[in-house]
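Report on one structure; see the data block that follows.
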Amino acid sequence: MEYKFSEIEKRWQHYWEKNQTFKVKEDKSKPKYYVLDMFPYPSGAGLHVGHPLGYIASDIYSRYKILKGFNVLHPMGYDAFGLPAEQYAIQTGQHPAVTTENNIRRYREQMDKIGFCYDWSREVRTCDPDYYKWTQWVFIKLYGHWFNKKTNKAEPVDMLIAEFERNGNTAVEAAQNECRVFTAEEWNSMTEKDQQLILLNYRLAYHADTMVNWCPALGTVLANDEVKDGYSVRGGHPVEQKKMKQWLLRVSAYAERLIESLDRLDWSDSLKEIQKNWIGRSVGAVINFSLDHGTRNNNKHGIEVFTTRPDTVFGCTYMVLAPEHELVEKITSPELRSAVEEYLIETKKRTERERMADTKTITGQFTGAYAIHPFSGEKLQVWISDYVLAGYGTGAIMAVPAHDSRDYDFAKHFELPITEVVTGGDISQGSYDAKEGVLINSGFLDGLEVQDAIAKTITELERKGIGYKQVNYRLRDAIFSRQRYWGEPFPVYYKDEVPYVLDEEDLPLVLPEVDAYLPTEKGEPPLGRAKNWKTGEGYPIELSTMPGFAGSSAYYLRYMDPKNDSELVSKEANLYWENVDLYIGGTEHATGHLIYSRFWNKFLYDIGMVCRDEPFKKLINQGMIQGRSNFVYRIKSSNRFVSLGLKDDYDVTPIHVDVNIVNNDILNVELFRKWNPEYDDAEFIFEEDGTYRCGYAIEKMSKSLYNVVNPDDIIEQYGADTLRLYEMFLGPLEQSKPWDTNGIDGVHKFLRKLWKLFHNEKNEPELSDEKPSPDELKILHKTIKKIEEDIERFSFNTSVSAFMICVNELSSLKCNKREILRDLVIILSPFAPHIAEELWQLLGNQGTISKTEFPAYKSGYLEEKTVQYPVSFNGKTRLKINFPAGYDNKDIEDELMRNESVLKYLQGQIPKKIIVVQGRIINIVTGK
RNA sequence: GCGGAUGUGGCGGAAUUGGUAGACGCGCUAGACUUAGGAUCUAGUGCCGCAAGGCGUGGGGGUUCGAGUCCCUUCAUCCGCACCA
């Protein structure tokens, strides 16, 4: 029988489904292992060959872990709410639920063909009310908690209210919005509305006016990680800054814990680094500068600044406020008022994007106000400039031009004084920003090293009561509202314009039907069109929906207990599965999903819902599969195409051509004519051998570049096992690499060679029960060892090579012995499960191979009687000599000096030194 | 500008702890079988050279008996952040 992969693969996929082979339950008799893939957003385009890369890797690892005796949780689901489905709905009028359902069906078909070992009974979809009930539930919990800085964790708002009733808010240390100080009496005499508005400043999910990233084209606000360089990540539409009332999640409260526990995670350095940068922790001091008595409003206000370099305080020669700073209007002198206002108008005109694109142009305006240096008492000019950001620190800086390059450029431009206070640089040339050197011109700091000076300055600030040590974070609270339809509705209603959450019993709050997926005439989000969108008592319900990251923040918990309708996850299930042991997915979620889900998890940990404070122990970012585009070269203003080798003789335009009509860079001319009617009568200038050769380039895999390869086509032609092996064979999992279908023959041939080991020339099964020879055992056990080591370090590309070597060697020995092939098929089964199942049965076994045991390699079979040593002279390998395995260094040296070839290479010289590394190499050193 | 990653044949890549550089596969060359080949099999294939031999892991320098691997320096490409005080 031939290797009929389509038949075999269909048969086993059916078998796994029928027998529920990969259904998994909590089983305390076995150690657990949780392997998770980042679940996909089911787009209309379906999967291309790049998408399953990570799924195949995690599948191999899961199957391997099962063979190793683990109880493996390996689920899959869909991140099904989101913008593309809604945009499509707006264009076509189709309900996003319908297109989403279709896309999911297509994804599922494609995934099923690849032969994954998912437990599909645990599938989740974020758009399913039974699922988003729990997303809404977590939101209610976030609303019901605040972050206590004293205990460094979330606590119920009820406890906070009790504290307010007893003592007011003076002793409360919370991660909070700005809020006035009040006593218990004041609190107790407030109206309910006022109390609720104050509590909003403390809740972990809160409603507030903030500057948001508004995307007019999408008609919604976006989170910071959904915006890149002033454009939306999805769709690439321009984004502007706008003040709006929004729901926010107080992620910033967890900034310290998010950064601190990063060290305990087995994630790549680069990913940890990205997260660290995004969270952006910096240690410094807050310093209060008082205003000069000649300045307006000088009694009421001072300028608070944040600095990471309090040691350079004596180098501060002027101050700068962000244009949006609230003090600007209060302290500007009458003479300069019009100039300042003009500057403010100018900066407002510039969009965020322009400000970012153009950091070279230095702009600013003196306000006419002066501050007083806290130590020297000098008068300092107060400027405004857009190089100071309103959103970071206090929105104001003490400028130290000698030791900050931005301040330096500004000072030079406006001819402000520059005072050197740390030695080590040349102030006439530029600022000296390094944190090394000795303090000068700095009063009580003179002579100190930078680090000591920082500490001493802070002590002095605290003693004088004008400053304190401060840790600042770049991480902003996450804006959680989207003015869109296709997302989770907020379980929120408004009473007298104050938001309240629904009772947990009323969940899920199901997404209502609307007549169009567009804003209302009043400019409200689409939910404004829903009929009866109010509570039983008639209070209006929130019109925004939640963003994409809401549904993906706790999905890994839901897989543990997906059908539970009374809890997000039961205690038992959570205590058994704990958290994800291995998480595989793309690096594009580094600052979004991977921050938010860590935050949600830490919150759920605080409230006792989950037993681990981190969701994903080990994380691997699979590399991107790039496309390999092909080009034809059209001679300008003609319909003639010239082959790659001759194109330099003509004036040509390269044109992308569909890679599916090109084979090994040779164009199929007939298919090319049919591909596009425009080329029907094209003429060609061929190579000497009569072929048309195409050029190529490595680019993103994309429809518009005609380089998309569909896994279905590959499976049709070569089978899923070949696809799986080839995806792994391409290169290291974590690296980006181009897809080139041309190479796939190699792994396909390998499977056919394997098949042949089990069959004779007539293609009939023929297996032997003879005892294996030492050579055969050595080949097998060498491979078992290698495969096990490779899988453990996720080096699947080298595993595939090892299998090829093994089959090549067994083929040349014509080995068809059951004892050898049995183990070989088991270790191959995680990689190529269908053919493995088929051959397993051919070997006479019953049932599935996937629940057998991974064979243990025996080192005894690998021992050699003789060792071949490469012999090098001064590091250059010249020859190879065999020595008995037992020889020690002396034995080897003695025999070397009697060896003719060695003597020939020595040419009479006496070796200075002979280095023998047992079992590895010999190096003979001669003098020079 | 800061941070991270990567540079090895015509191509994808291997070399896990400093120990035979180029495993494995594609492609290419030659041959066999064949009416035919986008099938199969055999042999060869880093570069220069008829050969002996020499040169070779982006470039330069160093440590070492020995460096793709360690150190210094430099270049290129990709990714992340970016007036973050």
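Keep in mind that this is a model prediction, so the values were computed, not measured. Below, chain A is the first sequence line, B the second, and so on; all start at residue 1.
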**Prompt:** On the ring face of A/Trp739, is A/Arg628 found with NZ or CZ under 6.0 Å from the centre and within 45° of the axis?
**Reply:**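 Relative to the ring axis of A/Trp739, which defines the angle, A/Arg628 lies outside at least one limit.
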**Request:** Report yes or no: is the cationic atom of A/Arg598 (NZ for Lys, CZ for Arg) closer than 6.0 Å to the six-membered ring centre of A/Trp278, at no more than 45° off its axis?
**Result:** no
Check every strand shown and say whether [X] touches a base, only sugar-phosphate, or nothing at a heavy-atom separation below 4.0 Å.
X	result
A/Asp665	nothing
A/Ser282	sugar-phosphate
A/Asn808	sugar-phosphate
A/Ile397	base
A/Lys272	nothing
A/Ser270	sugar-phosphate
A/Asp740	nothing
A/Glu789	base
A/Leu730	sugar-phosphate
A/Asn797	sugar-phosphate

Does [X] have a side-chain nitrogen or oxygen under 4.0 Å from the phosphate oxygens OP1 or OP2 of [N]?
X	N	answer
A/Arg474	B/A82	yes
A/Thr877	B/A21	yes
A/Arg752	B/U40	yes

**Prompt:** Does B/U6 pair with anything, Watson-Crick or G-U wobble, both distances under 3.5 Å, and if so, with which nucleotide?
**Reply:** B/A76
**Prompt:** Between A/Ala396 and A/Glu304, what is the shortest heavy-atom contact and its length?
**Reply:** CB-O, 3.5 Å
**Request:** May I ask you to decide whether A/Lys785 forms a salt bridge with A/Glu789, counting only side-chain N to carboxylate O separations under 4.0 Å?
**Result:**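 A salt bridge links A/Lys785 with A/Glu789.
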**Request:** State whether A/Arg309 and A/Asp311 are salt-bridged, where the test is any N-O pair (Lys NZ or Arg NE/NH1/NH2 against Asp/Glu carboxylate O) under 4.0 Å.
**Result:**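 Looking at A/Asp311 together with A/Arg309, the answer is yes, because their closest N to O distance falls below 4.0 Å.
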**Asked** Which glycosidic conformation, syn or anti, is assigned to B/G9 if syn requires a torsion within 90° of zero?
**Response**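 Base orientation relative to the sugar is syn.
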Proximity to the side chain of [X] - top-ranked nucleotide from [options]:
X	options	result
A/Pro738	B/C65, B/G12, B/U20	B/G12
A/Tyr696	B/G12, B/C11, B/G19	B/C11
A/Tyr387	B/C83, B/G80, B/U20	B/C83
A/Ile805	B/C24, B/U20, B/G27	B/C24
A/Leu389	B/A85, B/G25, B/U16	B/A85

Rounded to whole angstroms, how far apart are [atom1] on [X] and [atom2] on [N]?
X	N	atom1	atom2	result
A/Phe803	B/G13	CZ	P	21 Å
A/Lys912	B/U64	NZ	P	13 Å
A/Ile881	B/U20	CD1	P	16 Å
A/Leu733	B/U6	CG	C1'	16 Å
A/Ile922	B/G18	CD1	C1'	18 Å
A/Asn472	B/A85	CG	P	8 Å
A/Asn889	B/C65	CG	P	17 Å
A/Asp790	B/A14	CG	C1'	11 Å

**Asked** In this structure, are over 12 heavy atoms from other groups packed under 6.0 Å from A/Glu716 atom CD?
**Response** no
**Asked** Going through the checks in order, is the ring pair (Phe, Tyr, Trp, His ring centres under 6.0 Å) test met by A/His373 and A/Phe314?
**Response** CA-CA 8 Å; A/His373 193 284; A/Phe314 284 92; 5.6 Å; yes
Geometric class of the [Y]/[X] ring pair [parallel <30°, tilted 30-60°, perpendicular >60°]:
X	Y	answer
A/His589	A/His593	perpendicular
A/Phe883	A/Tyr869	perpendicular
A/Trp755	A/Tyr3	tilted

For nucleotides 69-71 of chain B, print each protein N/O atom paired with a nucleotide N/O atom at under 3.5 Å, atom names and distance only.
none

**Request:** Could you work out the separation of B/C75 and B/G27 based on their P atoms and round it to a whole Å?
**Result:** 40 Å
**Message:** If only side-chain N and O atoms count, and only distance matters, is there a donor-acceptor pair under 3.5 Å linking A/Tyr387 with A/Asp407?
**Reply:**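 A/Tyr387 and A/Asp407 do have a side-chain donor-acceptor pair below 3.5 Å.
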Report all interatomic pairs (protein N or O, nucleotide N or O of nucleotides 53-55 of chain B) with separations under 3.5 Å.
residue, atom, partner, partner atom, Å
B/G54, OP2, A/Arg878, NH1, 3.4

**Request:** Give a yes or no on whether a donor-acceptor pair under 3.5 Å exists between the nucleobase atoms of B/C81, that is its base, and the side chain of A/Asn277.
**Result:** no
**Prompt:** For the side chain of A/Lys749 and the base of B/U40, is some donor closer than 3.5 Å to an acceptor across the two?
**Reply:**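 Under the 3.5 Å cut-off, the side chain and the base do not form any donor-acceptor pair.
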**Prompt:** Which is it for A/Tyr318 and A/Phe410 under the ring pair (Phe, Tyr, Trp, His ring centres under 6.0 Å) test, yes or no, and what are the steps along the way?
**Reply:** CA-CA 10 Å; A/Tyr318 63 100; A/Phe410 192 85; 5.6 Å; yes
